[in-house]
Amino acid sequence: MLEKVFDPAAVETRISAAWEEAQAFRCGRPERKDAPGFSIVIPPPNVTGSLHMGHALNNTLQDVLARYERMRGKDVLWQPGTDHAGIATQMVVERQLAQRQEPGRREMGRAAFIERVWAWKEESGGTIVNQLKRLGASCDWSRERFTMDEGLSRAVLKVFVELHRAGLIYKDKRLVNWDPKLVTAISDLEVQPVETKGNLWHLRYPVEGEDGRFIVVATTRPETMLGDTAVAVHPEDERYADLVGKFVILPLVGRRIPIVADEYSDPEKGSGAVKITPAHDFNDFEVGRRHHLPMINILDAEARIDVSGIQDDFAARREAYVDDPDFGGVLTLLNGTDRFVARKQIVELLTNLELLEKVEPHPHVVPHGDRSGVVIEPWLTDQWYVDAKTLAQPALAAVREGRTGFVPKNWEKTYFEWLENIQPWCVSRQLWWGHQIPAWYDPFGNVFVELDEDRAFEAALAKNVAAENLTGEEAQALIDDAEKRAAFLTRDEDVLDTWFSSALWPFSTMGWPDETPELAKFYPTSVLVTGFDIIFFWVARMMMMGLHFMPDVPFKDIYIHALVRDEKGAKMSKSKGNVIDPLDLIDQYGADALRFTLAAMAAQGRDIKLATSRVEGYRNFATKLWNAVRFAQMNGCERVEGFDPAKVDGTLNRWIIGEAARATAELEAALAAYRFNDAAGAVYRFIWNVFCDWHLELAKPVLAGPDGAGKSETRATTAFVLDVALKLLHPFMPFLTEELWARTGEQGPAREGLLALAPWPDLSGLEAPDAEAEVGWAVDLITEVRSVRAEMNVPAGAQVPLVLVEASAATQMRAKVWDDAIRRLARLSDITFADAMPGESVQMVVRGEVAALPLAGIVDLAEELTRLRKEDGKLDQEVARIDGKLSNASFVARAPEEVVEAEREKREEYLARKAKVLSAIAQLSRTA
RNA sequence: GGGCGCGUAGCUCAGCGGGAGAGCAUCACGUUGACAUCGUGAGGGUCACAGGUUCGAUCCCUGUCGCGCCCACCA
């Protein structure tokens, strides 16, 4: 016998162990070897991470699909794993070192630091995986991967080398987004625009040879003036027409810089003249290229002023300066100061020189690093780039041609727009934790991109001997002397963007570049389930890499779910610290309740703001089902060997089987369209509002009655339908249902195994309209009597008689068959038949026939008159509404025939009902 | 500046061309032999606003207001 309530905490660990023990989630189980495959790759969470609501939602949805398809007989691979998360992980470990007052990463050196990160990973990296298991994620855990695994790293190297050979990866010196706190380049996507209250400083630049004449430039970053190499005005801007071709003398520095005409300059903005700093601004960089301007770097890697670039320029182009730039000691003063300090100092210096025209408050958007939170600097460095534009073309085509489709479809537009305007992807990072770039440099300025150092060495020797940089003897000396050899080649220090390895996830996890059986069976994967926040970071890049290397799309469907946001509607993120911990909810209500809530709220196209009351409600739902099973057990509803739902006789039994068939079909249709909320709703309603509320209640008289064929059929059917219910619910509430499956397996014929591996119910063709008509009548009658009783204030405990007026033969028969159940559920003393309305009674209409509660002495008849008049009024309104429609010639002419016909039928129904109400009113009026 | 989305019952959210729904909350009643983590019943919405299309609009179109998100060169 089951306990009174379901105890998730106790059951969850036990059930998890049972799944693991049975290796239930492994792909390629012997009995499914030949079954069709179904595959999903998990969006690998950061190894540093812990489970947040976004993960909970994401993995619940994947698990629903995985479990559903597994029960439908597929060979399911749900590929799990974690991401090494370069910057995030490196930061975590560095923070830990600082906290423990241990030597920092630079002090300990690269090798020791990386070893330290691995140690950290071994120790703490399992957190998120264990949390996923607590959620019930049915991944094939035996295949867990990590992006820094040997196999995956091999894939990364191969991809890098091959893309390089194909010219799709190259090294380039250009402006990058530089994070001066993390001291690394980052990609465009890692830059977050932040609305900032800044100033617009209007600076006067003296025009050369025209005493007292200035050109005013407006800037939000006065400190960059040190690197200015031009002033640009619009070619058609008449205000400045005569100045084009002349020079200004850059204040503080004494550099002669030209006034150029360039369309980039916007006469509407600022003063209409814009200072050009090619080394520190993306637009200015382009202007600089067009006008062949020098690029003078004025910042070091940590965004402090570095005047060496100015000094170098002075040395190289003495003629471009009216004086030694540090004549006044200004550069010496500024050198080494932080960019924001320098800003203040420069403004002050210019103010003293009366070169500051004015300062205006100027709110604008400033790019910040998404990890570091500091202002990003455009900085001129050598970095590795992926030619994303070329790789994007097949990725665009695949979605345009429908080989891969987004659900909901509107995300395709976002995807297209990004890929159509894609920029080169900067993939090198000046970090230590990650895949080190397989590029080696020789002393002659050559670079060798190879799978390993030996190959690079061979290539280097060959090339340099051919180029006569090395003699044969020198080459041989390098080969013979390990020390010399090691010094000859230096490896690129940089590592790859974390997303580079994630982009390979769908095939690298399946063993690529080897030709594995997994790749053959499970690639392309069936569906990718992810949030829209990583469509660019991850989805698009997987499409590019998958199509290039496999070469086939990595997934057929891409289901994009909503983001779980915090109460203010802000995106949850580790850095903001506004995460809600799903584990607290699991502790409190159980994993099943949380899962069901997330699935039920996962409507397409809307964000989720989680309400705890929903979780509580679905916990109650679990209890409800638990108790339904308990009741079934108490009443001997055991499963029967060879039970055939198609051969059932009893109306109630045929009805509930039909309802189960309907719910199953509804669920299947919903999941096929990734409508998780509809699917969850269908199971919920079937179990609670159909099975518990009506089937069990209507079955009670039978189950409590004498033994016989009807009773044993009802018992067997109830047990059978409960099995169906457990199966339908299992994808959403795996723990509860698996436990109930085991517990109900203790009686009756032995279970064949775990519910997780049990076959999905097939009830097609078992809908039973005639049974629905009969049971539906009983349900309506009971509901109507209950409503009237409550409205007339009939004491809940009072048993009152019911009279069916002018009942048809069918109704009379049904009333006799369902007598027990109806009397019990509607609290009736007896049900009788009459040819006319009894006096002093309350009337109701059920499916077109009149029923009456003779309530003389129990209720106030005046009240009943009021009730009837109210109903009459309502009916009048309905009829009037329909008459309005029907008298509209356009409606009758243009609306579909069946709509018009339906309106007519409704009108007839209302009128018949009204007649009955009126006659009741008349009768009551006489009595009163 | 460009794009996407949202505004439906007190709250959290479904629905989306033919009579407004769920859960929670509220109120009333209930110790009916599974379940009070329950049962029965009830109240509660000009479906943001204004136009338009249509026989018919919460649903489609346009605009307005409010809110959110994404993208974009820090004059």
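Throughout, a chain's letter reflects where its sequence line sits, starting with A, and its residues are numbered from 1. Quick caveat, the model's predicted, so the values are computed rather than measured. Basis for what follows: all heavy atoms, side chains included, without hydrogens, waters or symmetry-related copies.
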| request: Using whole Å, report how far CG of Asn888(A) lies from C1' of U54(B). | output: 11 Å
| said: Using a 4.0 Å heavy-atom cut-off, does Glu878(A) contact any base of the nucleic acid, only the sugar-phosphate backbone, or nothing at all? | reply: base
| query | So which heavy atom on Arg630(A) is nearest to which on Glu3(A), and how close? | reply | CD-O, 3.3 Å
| message | Given A34(B), C70(B), C74(B), identify the nucleotide with an atom nearest to the side chain of Thr220(A). | response | C74(B)
| said: Need the pair for G56(B). Rule: Watson-Crick or G-U wobble, both distances under 3.5 Å, any strand; none if unpaired. | reply: none
| Minimum heavy-atom distance Leu200(A)-His362(A), with the two atoms named | N-CB, 3.6 Å
| request: Go ahead and name the base partner of G1(B); Watson-Crick or wobble counts if both distances stay under 3.5 Å, otherwise write none. | output: C71(B)
| task | Give one of base, sugar-phosphate or nothing for Arg221(A), where a contact means two heavy atoms less than 4.0 Å apart. | result | base
| Which comes earlier along RNA chain B counting from the 5' end, the contact point of Thr414(A) or that of Arg614(A), where each point is its nearest nucleotide? | Arg614(A)
| Integer angstrom distance from the C1' of G15(B) to that of C59(B) | 9 Å
| request: Describe the nucleic acid contact of Arg675(A) in one word from base, sugar-phosphate, nothing, applying a heavy-atom distance below 4.0 Å. | output: sugar-phosphate
| said: Base, sugar-phosphate or nothing for Val217(A)? Non-hydrogen atoms, less than 4.0 Å. | reply: nothing
| request: For G17(B) and U12(B), measure between their P atoms and round to the nearest Å. | output: 26 Å
| message | Can you tell me which nucleotide in A14(B), A34(B), C29(B) comes closest to the side chain of Asn627(A)? | response | A34(B)
| field | Per Tyr684(A) side chain, nearest of listed nucleotides C74(B), C69(B), G23(B) | value | G23(B)
| field | N-O pairing of Glu357(A) and Arg204(A) below 4.0 Å | value | yes
| said: Is there a side-chain contact between Thr718(A) and His695(A) in this structure, where contact means two heavy atoms from C-beta onward sitting under 4.5 Å apart? | reply: yes
| task | Would you mind checking if Glu377(A) and Arg221(A) are paired as a salt bridge, meaning a charged N to carboxylate O distance below 4.0 Å? | result | yes
| query | Looking for any heavy atom pair under 4.0 Å, which part of the strands does Val892(A) touch: base, sugar-phosphate only, or nothing? | reply | nothing
| task | May I have the distance from Asn421(A) (atom CG) to C73(B) (atom C1'), rounded to whole angstrom? | result | 14 Å
| Residue Asn620(A), side-chain heavy atoms: nucleotide from A42(B), U37(B), C74(B) that is nearest | U37(B)
| field | Listed nucleotide nearest any side-chain atom of Phe536(A), set U54(B), U37(B), C71(B) | value | C71(B)
| field | Spacing of Leu189(A) atom CG relative to A72(B) atom C1', expressed in whole Å | value | 13 Å
| task | Mind checking Ala796(A) for me? I need base, sugar-phosphate or nothing, with any heavy atom below 4.0 Å counting as a touch. | result | sugar-phosphate
| query | Expressed in whole Å, how much space separates the C1' atoms belonging to A25(B) and C65(B)? | reply | 30 Å
| said: Under 4.0 Å, heavy atoms only, any strand: does Tyr264(A) hit a base, just the sugar-phosphate, or nothing? | reply: base
| Phe282(A) CZ to A75(B) P: how many Å, rounded? | 14 Å
| message | Under 4.0 Å, heavy atoms only, any strand: does Pro193(A) hit a base, just the sugar-phosphate, or nothing? | response | nothing
| query | To the nearest Å, how far apart are Asn635(A) CG and U32(B) C1'? | reply | 14 Å
| Whole-Å distance between A34(B) P and Phe691(A) CZ? | 13 Å
| query | Using 4.0 Å as the upper bound for N to carboxylate O, is an ion pair formed by Asp262(A) and Arg290(A)? | reply | yes
| request: Give Ala632(A) one of three labels, base, sugar-phosphate or nothing, depending on what nucleic acid heavy atoms sit under 4.0 Å from its own. | output: nothing
| query | Between the side-chain atoms of Glu697(A) and the base atoms of A34(B), is any donor-acceptor pair under 3.5 Å? | reply | yes
| query | For C16(B), which nucleotide is its Watson-Crick or G-U wobble mate, given both distances must be under 3.5 Å? | reply | none
| C1' spacing across the pair C61(B) / A57(B), given as an integer number of angstrom | 11 Å
| said: Using atom P in both nucleotides, what's the gap between C70(B) and C74(B) to the nearest angstrom? | reply: 16 Å
| request: Would you mind classifying the nucleic acid contact of His362(A) as base, sugar-phosphate or nothing, using non-hydrogen atoms under 4.0 angstrom? | output: sugar-phosphate
| said: Using the side-chain heavy atoms of Asn283(A), tell me which of these nucleotides is nearest: G15(B), C73(B), A34(B). | reply: C73(B)
| Base, sugar-phosphate, or nothing: which does Ser613(A) touch, judged by heavy atoms less than 4.0 Å apart? | sugar-phosphate
| field | Leu585(A) backbone acceptor or donor facing Gln588(A) side chain under 3.5 Å | value | no
| remark: Note: Ala232(A) and Ser265(A) closest approach over all heavy atoms is O-OG, 3.4 Å
| note | Answer for the Watson-Crick or wobble partner of C6(B), both distances under 3.5 Å, is G66(B)
| message | For a quick test of reading the model: is some side-chain N or O of Trp688(A) closer than 4.0 Å to OP1 or OP2 of G39(B)? | response | yes
| query | Rounded to whole angstroms, how far apart are CE on Met601(A) and P on A22(B)? | reply | 17 Å
| note | By the Watson-Crick or G-U definition, both distances under 3.5 Å, A36(B) is matched with none
| Where the side chain of Arg827(A) is defined as all heavy atoms beyond and including C-beta, which of U32(B), C69(B), C55(B) is the nearest nucleotide? | U32(B)
| query | Counting just side-chain N and O atoms, does Ser787(A) come under 4.0 Å of either OP1 or OP2 of A42(B)? | reply | yes
| field | Distance, rounded to the nearest Å, where Asn177(A) contributes CG and C71(B) contributes P | value | 13 Å
| field | 5' precedence on RNA chain B between Val365(A) and Asn410(A) (nearest-nucleotide basis) | value | Asn410(A)
| remark: Considering only heavy side-chain atoms of Lys413(A), the closest of C4(B), C55(B), C74(B) is C4(B)
| said: What's Arg881(A) touching, base or sugar-phosphate or nothing? Going by heavy atoms closer than 4.0 Å. | reply: base
| message | By nearest atom, which of the nucleotides C29(B), U54(B), G18(B) is closest to the Ala895(A) side chain? | response | G18(B)
| message | Would the base of C35(B) count as contacting Lys4(A) through its side chain, where contact means a donor and an acceptor less than 3.5 Å apart? | response | no
| What interatomic distance, in whole Å, is found between C1' of G68(B) and the corresponding atom of U62(B)? | 22 Å
| field | Salt bridge flag under 4.0 Å for residues Arg824(A) and Asp820(A) | value | no
| task | Identify which nucleotide among A34(B), G41(B), U37(B) has an atom closest to any side-chain atom of Lys700(A), counting heavy atoms from C-beta outward. | result | A34(B)
| query | Any Lys/Arg nitrogen of Lys906(A) or Glu903(A) sitting under 4.0 Å from an Asp/Glu carboxylate oxygen of the other? | reply | yes
| said: Mind checking if Leu2(A) touches a base, just sugar-phosphate, or nothing, with heavy atoms under 4.0 Å? | reply: nothing
| said: Taking atom types as they are modelled, would you say the side chain of Arg619(A) forms a donor-acceptor pair with the base of U37(B) within the 3.5 Å cutoff? | reply: yes
| query | Checking all strands, does Asp266(A) fall into the base, sugar-phosphate, or nothing category for heavy-atom contacts under 4.0 angstrom? | reply | base
| task | Please determine, for G23(B), whether a Watson-Crick or G-U wobble partner exists with both distances under 3.5 Å, and give it or none. | result | C11(B)
| query | Rounding to the closest angstrom, what is the interatomic distance between C16(B) and U53(B) at atom P? | reply | 25 Å
